[in-house]
Amino acid sequence: MNSDETTSPDTDLHAVYGYASDRGLRRELNEDSLIAADPIFAVADGMGGHEAGEVASSLCVQTLAESAIVGEHLPELSAAELEALLAEADRRIRAASGGRAGTTLTGAVMVREAGVPHWLVFNVGDSRTYRLSRGVFEQITVDHSEVQELVAMGQITPEEALVHPRRHVVTRALGTGSDTEADFWLIPLEPGDRLMVCSDGLTGEVSDSQIAQILTSVGEPQEACADLVQAALRSGGRDNVTVLVIDVEGGPAARSDEADGSPGTAHREQFDGAGRPAAE
Ligand code: MN
């Protein structure tokens, strides 16, 4: 039948990843949660008084972790199935907190679409997923926040959004409010690609160009996570900060990288350090 699929050179694609989470310098609790259980990776930023936010974000990632979908079925996971999983997380958080606590959620699952490996990226709220691919660093997700809406309407600039008094107000969340709908992106993945998933405790403190500089210069995912958290703390650490970095390794492109003895570094050296393609 399909000989390409059985002999596919990308079957050995796998994730190499690291993660870090820090309470920050101002908050009493860390209400962020994360899951890094290859092939699913996500960050949840809980909100709600006292410990409610922590309960919401941890219930959310537990739902992803405990799901029967996680396991053999996961490589064929569809957006609809993931959507059902997020609905279950929403239901569990509401059952636990009566709608008083909620959480953002963003991340990605490595899936196969028609036999081809992809990232299925998902987002509810203002945590973010970025990708560094072939030297281009870009934010994949679009925040569900009041300031993002103002930026989209041209009423404020992205720089003004960073200091806007309502910058923390999210317009969608799981477990609270009326809008829980997730956005999804299906992105072909290549060996050498690097994904970063983070809470707003990173992006509120560290600029995209600084983040890109660290992601392009630090090879080890765990070391990159530690450096990103330190950068957020040096900038004030006003919020909980959580970072996941996932490298895609294996497959034909990685083998060609390895030919010069520097696996995975070729695309990083091409990066211009500006944080965005030159078109910006
Ligand atoms: Mn936060």
Side-chain angles (χ1 to χ4, degrees), residues 19-36 41-62 64 86 89-90 93 97 99-108 121-130 139-151 158-177 179-180 182-183 196-208 210-211 214 225-245:
Y19 51 85
S21 187
D22 197 285
R23 182 167 54 90
L25 305 175
R26 304 273 186 89
R27 299 286 176 91
E28 286 183 18
L29 299 169
N30 189 348
E31 299 192 318
D32 289 354
S33 294
L34 66 87
I35 175 172
F41 302 91
V43 167
D45 180 346
M47 59 196 91
H50 307 287
E51 293 170 15
E54 188 180 2
V55 170
S57 68
S58 65
L59 268 177
C60 184
V61 299
Q62 276 170 33
L64 296 182
L86 303 192
D90 177 67
I93 297 164
S97 76
R100 287 187 301 277
T103 188
T104 73
L105 178 70
T106 190
V121 175
F122 48 94
N123 183 56
V124 185
D126 66 350
S127 296
R128 293 180 179 173
T129 298
Y130 291 78
Q139 183 180 336
I140 295 169
T141 54
V142 178
D143 294 353
H144 301 132
S145 67
E146 286 195 0
V147 290
Q148 174 60 37
E149 291 179 358
L150 293 173
V151 169
E159 291 70 31
E160 288 167 340
L162 286 171
V163 295
H164 195 280
R166 292 182 68 79
R167 63 187 177 279
H168 297 299
V169 180
V170 298
T171 51
R172 298 188 202 176
L174 296 177
T176 188
D179 199 345
T180 61
D183 292 328
M196 187 200 69
V197 185
C198 66
S199 62
D200 67 336
L202 178 68
T203 51
E205 301 287 6
V206 185
S207 70
D208 280 11
Q210 282 176 278
I211 292 170
I214 290 169
C225 290
D227 286 3
L228 287 164
V229 166
Q230 286 306 313
L233 297 179
R234 276 197 306 274
S235 298
R238 283 161 285 197
D239 194 4
N240 307 144
V241 53
T242 301
V243 185
L244 265 166
V245 171

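Counting convention: from 1, in listed order, for ligands and their atoms alike.
The main-chain N or O of S145 is never found under 3.5 Å from a side-chain atom of Q148 such that the two would form a donor-acceptor pair.
For the side chain to side chain donor-acceptor pair (under 3.5 Å) with T242, the qualifying choice from D45, D22, D32, D200 is D32, the only one to do so.
In this structure, CD1 on I93 lies 5.0 Å from SG on C60, to the nearest 0.5 angstrom. How far OG1 of T103 is from CG of L59: 9.5 Å, rounded to the nearest 0.5 Å.
Protein-derived N/O/S atoms nearer than 2.8 Å to the Mn ion (ligand 1) total 3, waters excluded.
Checked for salt-bridge contact, D143 and R128 meet the test: a charged N lies under 4.0 Å from a carboxylate O. Taking 4.0 Å as the cut-off between side-chain N and carboxylate O, R172 and D183 count as a salt-bridged pair.
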